[in-house]
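Report on the structure given below.
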Amino acid sequence: MENLVWVEISKEALKSNVKTFRSLVGESTILCPCVKANAYGHGLIETSKIFLESGANWLAVNALYEARTLRESGITAPIYVLGYIALSDLAEVLNLDLRIVVYNKETILRLGELSKKSGKKAKIHIKIETGNNRQGVLKEEIVDFVKYVLSFENLEIEGLSTHFANIEDTKDHSYAENQLKKFNKIAAMVENLGVKVPFKHSANSAATLLFPETHFEMVRPGIATYGMWPSDETFLSFSSERDVKISLSPALSWKTKIAQIKTVPSGELIGYGCTYKTTRESKIAILPVGYYDGYDRGIANPHVLIHGKRAAQRGRVCMNIIMVDVTDIPEASLEDEVVLIGRDGDETISAEQFAKWAWTINYEITTRINDRIPRIYV
Ligand SMILES: Cc1ncc(COP(=O)(O)O)c(C=O)c1O
């Protein structure tokens, strides 16, 4: 069956980004790209395989079902689960040989009992609260927490982790520096208990790019491994503060096809709510993509690319349809390819441009492209 809406993923771009990250972190640091949220919209299984083939060591997912999907696809590489796992699901962590982040004593107790019963070691990474105030164990609680873990013989503290709260939204990195100081202090408290922790980790994309001192034994970059900068501020900080040069390659293009072209007289209203009125006789192309697919309904004055030219979107985004003005693209015809995100001739619509139209961030744009839409690896 013909695809009417699809996402193209450049394998070369993904490979090149992994190589770039390897060059930034060196050979001995574990490179653990985040493939949660359907690999930021790029397709969980295929993207994970491409990352591993290109030199990534581990994979990070958010949820148990994502880890299970990867194992079922035959991936045997270490998988680290960043999100919460229900107490009743913890047995699967041992069965699938996963590493998980922990920050609740209830999780420790249940996992401790399960690992004792099964004789399988459970590898845990303790999340340390340093200023994000979401997951994490407080400094005041860490000694007691670690002692509790040590009371279970089959629980192995494989990692200590934290996550930066304010590293990509700003060029002032003092908050992140403070978090890093706290992390180092709390890690020392843990090590003073006689615990040798193989993997400390803190770095998302921005930290990996900007601050080598955040790399420790492992990095967990997400957005930049897909070729997108975490923010303009990260790009500017990198360009002005680091003496290395890199280029990231955006891997994702989002495409559709023209489903109808019609001539609409001047003064006609287009779409729900009659929000757009034509000011000339217009050729309007109907595209079979809408907010169900992830094309944001709140988007302001976007355009798409057809034959390398911009076509402005008209009227409201519908559930399954948008309308665009092709009056100045006379060559446009039925089933011609339309670029929603990506390059066409000399024109490009980046995920960042799309995010600005939608008052959000590139992360949200690519992760919200409906999982049902086929991903084609080119
Ligand atoms: C705990 C954790 N680590 C790493 C990442 C990757 O972040 P980024 O995509 O900014 O590199 C995320 C993303 O949300 C995260 O939640």
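Numbers here are sequence positions counted from 1. When a ligand or atom number is given, it counts from 1 through the structure's own listing order.
R71 places none of its side-chain heavy atoms less than 4.5 Å from the side chain of E92.
Using modelled atom types and a 3.5 Å distance limit, the side chains of R316 and Y272 yield no donor-acceptor pair.
Between Y363 and Y226, the ring centre distance reaches or exceeds 6.0 Å.
Listed by chain and number, C34, K36, Y40, L82, R134, H163, E168, N204, S205, R220, P221, G222, I223, Y363 each place a non-hydrogen atom less than 4.0 angstrom from ligand 1.
With F199 as the fixed residue, the side-chain contact (heavy atoms from CB on, under 4.5 Å) test singles out one of I30, T29, L160: I30.
Remark: T263 engages no residue in a side chain to side chain donor-acceptor pair (under 3.5 Å) (not counting sequence neighbours).
For CZ of F235, the number of neighbouring non-hydrogen atoms (other residues, nucleotides, ligands) closer than 6.0 Å is 12 at most.
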